[in-house]
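I have placed the structure first, in the form of structure tokens, so that the comments after it can refer back to it.
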Amino acid sequence: MQKTRKICLALGLAVCLTVGAQDNEIHQRSETYEWPTDQLVVKNLKAWQDLKFGVLFHWGLYAVPGMVESWAICDENWITRDSTRTYQQYMDWYFGLADELKPTKFDPTQWAEACSNAGMKYMIFTTKHHDGFCMWDSQETDFTIAKHAFKDDPRRDVLKYVLDAFRQKQFTIGTYFSKPDWHSQYYWWDVYAKKGRNVNYPVDQHPWRWQQFKKFTHNQMNEILSRYGKVDILWLDGGWVAKENRGQDLDMPEVARIARKNQPGIIIVDRTIHGPYENYQTPERTIPETQLDFPWESCIPLSDDWGWVPRPRFKSPEKVIGTLIEIVAKGGNLVLGVGPTPEGLIEPESVKRLNAIGAWLKLNGKAIYNTTITPYYNEGNVWFTKAKDGSRYYAIYRLNDGEKLPTSITWSQNLPKKAIRLVSNSKRVKYKLQGNQVTVFLPKQLPQQSIALEIE
């Protein structure tokens, strides 16, 4: 569980968010998994599992003041605001940010270059967060980047330019879409008070209004999946929008029909809603305690926050590499959150860390990409993966922040039969085998970073 902390923003209209407390409420991993019956989806899932490392972009109105996504407009007990402002004044200010988001330096080719250099293989872009602000030119609402401050820019249909830039780098393409929409009068109706994240009117008493919300949502999903080329993943957030919760039934069979009519074989991720439409699980800011034998992805931000904030606290490259090592050894993928700035760039400090991660993967990626799990997958700081054809194992020593690389490494299973080599340069290393234990002697002057070994 993430340690609770507070983010306070003094921007004329201040907001304090206690981040972490809500994670237990809405991001619990499903208890069961159901494999898809569509064999094209299964094929695409298995190909996705080989990619191991991706990027998730949260970018929207919240980038302007640099705050924690759009949660501040939700009325819940973990969110507090400046008490000198009314809730409506705050809402008006927040939604008014649409007239300030004008990313004149918007450069998705820079994003794609940085992520490619990081060794990432797939991407997920937030088409809209829970605030309902669309990062594409939706015909269902005027609350889009294409119809406000950025409307006169030829790149105003932002989604198109982001996806095209990443396709140029051969990324697998994903679109994040929020099931709730706090701007829509079909979800948060002004006739009723707003309390919490859920629909604010009784659905059973206003079936027409909910039907309009379903139609609105289906039409928007159809837009992002029919107008922007090939999309491989539909990543649905807002797991509380479910039939079992206040009758918030979006008709997921119809969502899947729309998605796969436009994009045959698309992977659908209905987060935290186990069943046929949660094609992989998404533990947030956490790593499962043990291996899982079905598709899953830990989603973890590069800093403490998903979107861009001033003065972020970044994770070190070694921390991210170590996280990736553990996740892959346990059978999952890592999607790393990167928040572009209000100007539309990935900031230099993020790029620096992405480059360092990519430099390690360029040398050691053979032990990460296209590997599979092995029953004995961890011993101390050593994590194991296996070639998909079963021909060899990989042992990866995870170097923690502040730790020095040892002169030798010992483990007791996945033992060598012929040789042990450095993955980075294929050179043999000396080792001693005694009974069921091997001790590997590391060459001197290795860089102080995690090290991958190939076991033959």
Side-chain angles (χ1 to χ4, degrees), residues 7 9 15 17-23 25-28 56-79 81 87 90-98 101 124-136 138 140-145 159 174-190 192-201 203 210 213-214 216-218 220-221 223-224 234-242 245-246 248 250 255 269-273 282 284-285 299 301 305-309 337 339:
I7 297 175
L9 300 172
V15 59
L17 303 185
T18 304
V19 182
Q22 80 279 18
D23 290 350
E25 299 173 17
I26 62 172
H27 298 305
Q28 289 184 339
L56 171 57
F57 293 110
H58 273 72
W59 192 46
L61 295 185
Y62 40 88
V64 177
M67 56 193 289
V68 184
E69 305 111 55
S70 61
W71 280 104
I73 61 174
C74 178
D75 178 19
E76 293 190 348
N77 61 12
W78 58 279
I79 299 170
R81 298 179 194 86
Y87 177 66
Y90 189 86
M91 290 278 286
D92 292 344
W93 168 77
Y94 182 86
F95 287 139
L97 293 172
L101 181 58
I124 300 167
F125 178 72
T126 300
T127 63
K128 75 168 182 177
H129 200 253
H130 312 325
D131 59 12
F133 188 71
C134 302
M135 301 301 284
W136 81 97
S138 178
E140 296 296 313
T141 177
D142 288 338
F143 198 50
T144 85
I145 192 169
L159 180 61
T175 51
Y176 168 119
F177 184 92
S178 168
K179 294 193 294 183
D181 188 316
W182 295 334
H183 185 267
S184 172
Q185 286 293 305
Y186 299 135
Y187 194 80
W188 273 5
W189 187 16
D190 284 346
Y192 286 84
K194 300 172 180 67
K195 185 65 177 176
R197 69 193 65 187
N198 288 286
V199 60
N200 75 329
Y201 60 87
V203 170
W210 184 256
F213 182 67
K214 281 203 298 186
F216 167 78
T217 302
H218 293 173
Q220 284 203 323
M221 288 186 189
E223 286 180 338
I224 65 174
L234 176 62
W235 209 87
L236 300 175
D237 203 5
W240 62 89
V241 180
N245 183 24
R246 307 188 188 190
Q248 298 180 84
L250 278 182
V255 168
V269 185
D270 192 11
R271 296 190 68 203
T272 72
I273 309 298
T282 57
E284 182 166 340
R285 298 179 184 263
C299 39
D305 306 287
W306 290 108
W308 176 86
V309 298

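Numbering starts at 1 and runs along the sequence shown.
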Practice prompt. With side chain to side chain contact (heavy atoms under 4.5 Å, CB included) as the test, would you mind laying out the steps for S178 and E69 before giving the verdict?
Written response: CA-CA 12 Å; S178 168; E69 305 111 55; over 6 Å; no
Worksheet entry | Working for side chain to side chain contact (heavy atoms under 4.5 Å, CB included), residues T217 and Y187 | CA-CA 10 Å; T217 302; Y187 194 80; over 6 Å; no
Item to complete: List the steps, then state whether side chain to side chain contact (heavy atoms under 4.5 Å, CB included) holds for F213 with Q248.
Response: CA-CA 10 Å; F213 182 67; Q248 298 180 84; over 6 Å; no
Worksheet item: Where do D190 and Q185 land on the side chain to side chain contact (heavy atoms under 4.5 Å, CB included) test, with the steps shown first?
Response: CA-CA 7 Å; D190 284 346; Q185 286 293 305; 3.1 Å; yes
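Minimum heavy-atom separation, V64 to L97: CG1-CD2, 4.0 Å. Contact detail for R285 and P301: the closest heavy-atom pair is NH1-CG, 3.6 Å. Taking both residues in full, the closest heavy atoms of L236 and R271 are given as O-CG, 3.1 Å, listed atom of the first, atom of the second, then distance. Closest of all the heavy-atom pairs between K179 and I273 is NZ-CG1, 4.1 Å. Residues G238 and P180 share a closest heavy-atom pair of CA-CD, 3.8 Å. Considering every non-hydrogen atom in both D181 and G132, the closest pair reads OD1-CA, 3.4 Å.
Counted by atom type alone, H130 and S70 present zero donor-acceptor pairs between their side chains at under 3.5 Å. No donor-acceptor contact under 3.5 angstrom links the side chains of D75 and Y87, judged on distance only.
Note that the CD1 atom of I145 and the CG atom of L61 stand 8.5 Å from one another [nearest 0.5 Å]. One distance of note links CG of L159 with CD1 of I224; it measures 7.0 Å at 0.5 Å rounding. Note that CG of L234 is 10.0 Å distant from CD1 of I124, once rounded to the nearest 0.5 Å. Atom CG of L101 and atom CE of M135 lie 5.5 Å apart (nearest 0.5 Å).
Under the 4.5 Å side-chain criterion, counting only non-hydrogen atoms from C-beta, K194 is not in contact with C74. Proximity of W308 to Y62: side-chain heavy atoms (C-beta onward) are nowhere separated by under 4.5 Å. Residues K128 and T141 fail the side-chain proximity criterion, which asks for heavy atoms closer than 4.5 Å. Taking the side chain as every heavy atom from C-beta outward, W71 and H129 approach each other to under 4.5 Å. Looking only at side-chain heavy atoms (C-beta outward), C134 and Q220 come within less than 4.5 Å of each other.
At least one donor-acceptor pair under 3.5 Å links the side chain of H218 to the backbone N or O of L250. Checked by atom type and distance alone, the side chain of Y201 pairs as donor or acceptor with a backbone atom of W210 at under 3.5 Å. Formation of a donor-acceptor pair under 3.5 Å by the W188 side chain with backbone atoms of A193 is not found in this model. Side chain of D305 to main chain of G307: no donor-acceptor pair is present (N/O by atom type, distance under 3.5 Å, no hydrogens or angles).
By the side-chain hydrogen bond (donor to acceptor under 3.5 Å, both in side chains) test, W306 pairs with E284, sequence neighbours left out. Residues that satisfy the ring-ring contact (aromatic ring centres under 6.0 Å, His included) test with F125, not counting sequence neighbours, are absent from this structure.
Checked against the 6.0 Å centroid threshold, F95 and F143 count as a close aromatic pair.
A parallel orientation is assigned to the rings of W240 and W182, their planes being inclined by less than 30° (bins at 30° and 60°).
Y176 pairs in a ring-ring contact (aromatic ring centres under 6.0 Å, His included) with only one of the listed residues (W235, W136, W59, F57), which is W235.
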